[in-house]
Amino acid sequence: MSAEATTPRPGGDRPTGVPDKPGLEGLERTWSDRWHGNGTYAFDRSAPRDRVFSIDTPPPTVSGELHVGHVFSYTHTDAVARYQRMSGKSVFYPMGWDDNGLPTERRVQNYFGVRCDPALPYDPDFTPPEKPGKEPIAVSRPNFVALCHQLTEEDERAFEHLWRTLGLSVDWSHTYATISDRAQRVSQRGFLHLLAGGHAYQQTAPTLWDIDFRTAVSQAELEDRDSPGAYHRVRFQRVGSEPGSVDIETTRPELLPACVALVAHPDDERYRPLFGTEVVTPLFGVHIPVMAHELADPEKGSGIAMVCTFGDTTDVVWWRELDLATRAIVRRDGRLGAVPWGEPGWESDDPAAAAANYDELAGRTVKQAQKRIVELLSQSGALIGEPTPITHPVKFYERGDRPLEIVSSRQWFVRTLDLKDRLLARGQELAWHPPYMAHRFASWVEGLSSDWNISRQRFFGVPFPVWYPVDAEGTVDFDAPLLADEDRLPVDPSTDVPDGYTESQRGEPGGFVGDPDVMDTWATSSLTPQIAGGWGTDPDLFDRVFPMDLRPQGHDIIRTWLFTTVVRSELEHGTLPWANAAISGWVLDPERKKMSKSKGNVITPLPLLEQHGADAVRYWAASGRPGTDTAVDEGQMKVGRRLAIKVLNASRFALGRLVDEDGAVTAPGREAVIAPLDRSMLSRLSAVVDEATVAFEGFDYARALERTETFFWSFCDDYLELVKTRAYGDPAQPGPASARSALAQALSTQLRLLAPFLPFVTEEVWSWWQPGSVHTAPWPEPGELTDLGGGGDPAVLEVVSEVLGQIRRAKTGAKRSMRAPVAVLTVTDEPERLAALALAEDDLRDAGGVVDLVTHPGDQATVDVVLADEG
RNA sequence: GGGCCGUUGGCGCAGUUGGUAGCGCACUUGCAUGACGCGCAAGGGGUCGUGGGUUCGAGUCCCGCACGGCCCACCA
């Protein structure tokens, strides 16, 4: 062993010899640099499709820090990638950064203390303040976008550092960002194809709207939150000859001016006589019809509901299906807008009174307006009783702070409702891991109630490659969009000019305007296989990697990322985007609570990596079953670290028998393995190889690890103990030669089995005695081991280990050292098992310190140990 | 309301075609042993949520229920 052996030589091509004091410290830095320098994980793009394994890596959202949940799931994917690479596949394992969209905007706003005002001109000299001020500074859209780029680049460097420390075997030359020109080109091209195929359309329609972000959101971005509210009982007087009144209950009395009908169930006897008649709204004197609809629930409130434009999604359904009037009052900023009382659509019995009452509400937020209208209703006598407080589910944008409103606006949609059956069939065609995750997808598709809204009224995103002509009167013609030519992509319609126009015509009569919106972040993320695979720019690459083999992701984004990717692939290519979807679980905090920023229980991974080492953290992650929620468990990381240390020490021990005077490791050939104990061990190891391989083929990395680890510990505890005396013998003799060859075989195999999980320590040990990288070494095959001498009898190691265990038990029971000699060992067992024992009798004697061995055939297996006297 | 997952020693989990309950952590005791004290050896500890059923035999298969978590739908 040479002194320089502790520091591996650059290159890693030639073995370094076994160091005296192996350790885990610094392995991450050493080996991640070396892998990078050597291109260990480079994708071989000359490989034909059937030799390629391609992964549609989730691009993490670039808004702050990665958390330990990322480490968890990306480790799973990395283990699979490493297995596939060792199995001979050329692994296409790119990394992406999801850096467009709202999360980035929000972070930039807070980080720099700015807000985007698209009306402002670009300021080339703008620099953000050192510290964000109290009031955000308004900046132009180009300035804002520049800040977004600046901040995301910083974050992405930190992300890459973390991934390298964790040891992800990503090919970093295939990195993409969702805001990059490349992604924008793919995204815009995909949009133009949707348009050409009739799959995308624009429409002015009631839209889910976040009043703080001032943008539309899609069905997939909704979440329900239990919120406080109150039932208000409001009395409507009947119109015409019929005397009497109708009471409704509502949680949104402020929408009374927007009321367009009352609705009850068609079979509800209480209200049947009223269908087809009219009532009048209190305070505003508007005549509205009473109508019947199946969705009205006789059990709820008074059994009859007030329909407003628009209080919730059910209102939209009623409005559409009953062909009701439109009286929208909520503006896009969440305040009530002006209303022309008495004019068409706003006819009232008393326009002046209506206007006076409404003046009390106009300009207020919905919350303020609610408070005021309750007072007005109470004074007028239309409010019956006191409001009853309730807690009820209210729809929120998942990132928003205030309830969604529904406003009418012009949006781009992708036709997904027409696609349900095809999508359900694709869902069944996809191999889900674990399989039950398929239900999530199916129930989402079955429950779709609207087409996919892909436009967002935001700034940092992929713009629509679309302009609209402005006619001579200055009116924008949205029905005749001017499309960008595919060769020009990506374009920004706010600065680029459509063919045939000049910049001076922007916004002028007879000129054009750009589409002001950007695409939903999922409209771009749904194309990650196309972006990563070079769709449209590198057809040779794309043909080799698409459809991809694997989409790994969390179950929380099945209805967004997975769903939209399937939609886009179906519409663009008519195939599934990948063959397999591996769905990982959540990471919970040590108290098994879901981690979230608001709870303040988010754990950042770098300190864990520094404290326990990357292999140890990976061990914890890889112990989490596919699809299973797993708690952060530093205890498991300590176990992982112990395993890594054991790999170092056991390897040093085994290789110590194989080192020559120059420090080089030389093992006898495979044919030297003749001892029954050695062959028995190799035979058992080959079964482990089998199991690990089957598990990995089914993406069950956790099972592969568990089986490998179990074998490894028994290998150390039993086999190494049994064989070490013989292995120290004269290398020229057949017994020692067999032991040394078997040790080399077994160590090589186990290092390769562990390499997907513990890439650093296995590479370190590999470098002591093997050329090249363990990560490009071939995955072990059972044949490598069973070919040796025609396979061994697994029973030999089993029986000998059991007897050795009994000897240890006797020594521990007598509180004696493990070195204490055994005067007489008497074993009674079945003849076949005694025969197996006899084949390794000498190894057992050496390991147990046995002087006399007596065996008796018998039905009942017993082991009797008589220890030699002390002294 | 529809659906999915889980319920196994104090804690975290495994248990793949049904055949006398396993692993790690923690706990107790012991051991300086040709690599490892970040080690090694051994030990105690569970009527496998619950009620039925199938079977010679059920943690494992079937039906019901309870509890926990999640998805979808509804939400006046």
In whole Å, what is the span from the [atom1] atom of [X] to the [atom2] atom of [N]?
X	N	atom1	atom2	answer
A:Arg440	B:rG2	CZ	P	18 Å
A:Ile807	B:rC31	CD1	C1'	16 Å
A:His555	B:rG3	NE2	C1'	15 Å
A:Asp224	B:rG1	CG	C1'	15 Å
A:Asp226	B:rC74	CG	P	16 Å
A:Trp432	B:rC4	CH2	C1'	13 Å
A:His392	B:rC74	NE2	P	16 Å
A:Asp20	B:rC36	CG	P	12 Å

Point to revise | A:Gly303 or A:Met437, whichever maps to the more 5' nucleotide of RNA chain B | key: A:Met437
Point to revise | Residue mapping more 5' on RNA chain B - nearest nucleotide basis, A:Arg625 or A:Trp586 | key: A:Arg625
Any base atoms under 4.0 Å from [X], or only sugar-phosphate, or nothing? Heavy atoms, all strands.
X	result
A:Ala631	nothing
A:Trp713	sugar-phosphate
A:Asp315	nothing
A:Lys395	base
A:Arg252	nothing
A:Leu648	nothing
A:Arg225	nothing
A:Glu634	nothing
A:Thr812	base
A:Ile248	nothing
A:Thr314	sugar-phosphate
A:Ile304	base

Does a nitrogen or oxygen in the side chain of [X] sit under 4.0 Å from OP1 or OP2 of [N]?
X	N	answer
A:Lys815	B:rA42	no
A:Gln219	B:rA73	yes
A:Arg816	B:rG30	no

Which nucleotide in [options] has an atom nearest any side-chain atom of [X]:
X	options	value
A:Trp444	B:rC38, B:rA42, B:rC72	B:rC72
A:Ile645	B:rG34, B:rC72, B:rC36	B:rC36
A:Lys300	B:rG34, B:rC74, B:rA41	B:rC74
A:Tyr728	B:rA41, B:rC25, B:rG34	B:rG34
A:Asn649	B:rA73, B:rA35, B:rA41	B:rA35
A:Ala650	B:rA35, B:rC74, B:rC4	B:rA35
A:Tyr436	B:rC4, B:rA42, B:rG34	B:rC4
A:Arg641	B:rC74, B:rC40, B:rC38	B:rC38
A:Arg642	B:rG34, B:rC4, B:rC40	B:rC40
A:Val639	B:rC72, B:rA41, B:rG24	B:rG24

Check your understanding: Where does the angle between the aromatic ring planes of A:Tyr728 and A:Phe653 fall among parallel (under 30°), tilted (30 to 60°) and perpendicular (over 60°)?
Key -> tilted
Review point. Under 30°, 30 to 60°, or over 60°: which ring-plane class applies to A:Phe699 and A:His433, parallel, tilted or perpendicular?
Key: tilted
Which one is paired to [N], where only Watson-Crick or G-U wobble pairs with both distances under 3.5 angstrom count?
N	answer
B:rA26	none
B:rG39	B:rC31
B:rG1	B:rC72

Check your understanding: Are A:Trp432 and A:Phe441 close enough that their ring centers fall under 6.0 Å?
Key -> yes
Review point. Between A:Glu798 and A:Arg684, is there a salt bridge with N-O shorter than 4.0 Å?
Key: yes
Exercise for review: Could you tell me whether A:Glu634 and A:Arg641 have a side-chain N and a carboxylate O separated by less than 4.0 Å?
Suggested key: no
Can you tell me, in whole Å, how much space there is between the [atom1] of [N] and that of [M]?
N	M	atom1	answer
B:rG49	B:rA41	C1'	37 Å
B:rG22	B:rC56	P	26 Å
B:rG57	B:rC40	C1'	40 Å
B:rA32	B:rG68	C1'	49 Å
B:rC23	B:rA58	C1'	22 Å
B:rA14	B:rG6	C1'	15 Å
B:rU60	B:rG44	C1'	27 Å

Review point. Which is it for A:Asp843 and A:Arg726 under the salt bridge (charged side-chain N to carboxylate O under 4.0 Å, His left out) test, yes or no, and what are the steps along the way?
Key: CA-CA 7 Å; A:Asp843 292 328; A:Arg726 177 156 52 91; 2.9 Å; yes
Review point. For A:Lys638, what residues pass the side-chain hydrogen bond (donor to acceptor under 3.5 Å, both in side chains) criterion, not counting sequence neighbours?
Key: none
Practice item. Please examine the side chains of A:Gln750 and A:Thr708, heavy atoms only from C-beta on, and report whether any two atoms are closer than 4.5 Å. Key: no
Review point. Ignoring hydrogens and angles, does a donor from either the side chain of A:Glu721 or the base of B:rA41 sit under 3.5 Å from an acceptor on the other?
Key: no
Exercise for review: Report yes or no: is there a donor-acceptor pair, N or O only, under 3.5 Å between the side chain of A:Asp633 and the base of B:rC11?
Suggested key: no
Review point. Any side chain to side chain donor-acceptor pair (under 3.5 Å) pairs touching residues 614-623 of chain A, not counting sequence neighbours?
Key: A:Asp78-A:Arg618, A:Tyr619-A:Glu709
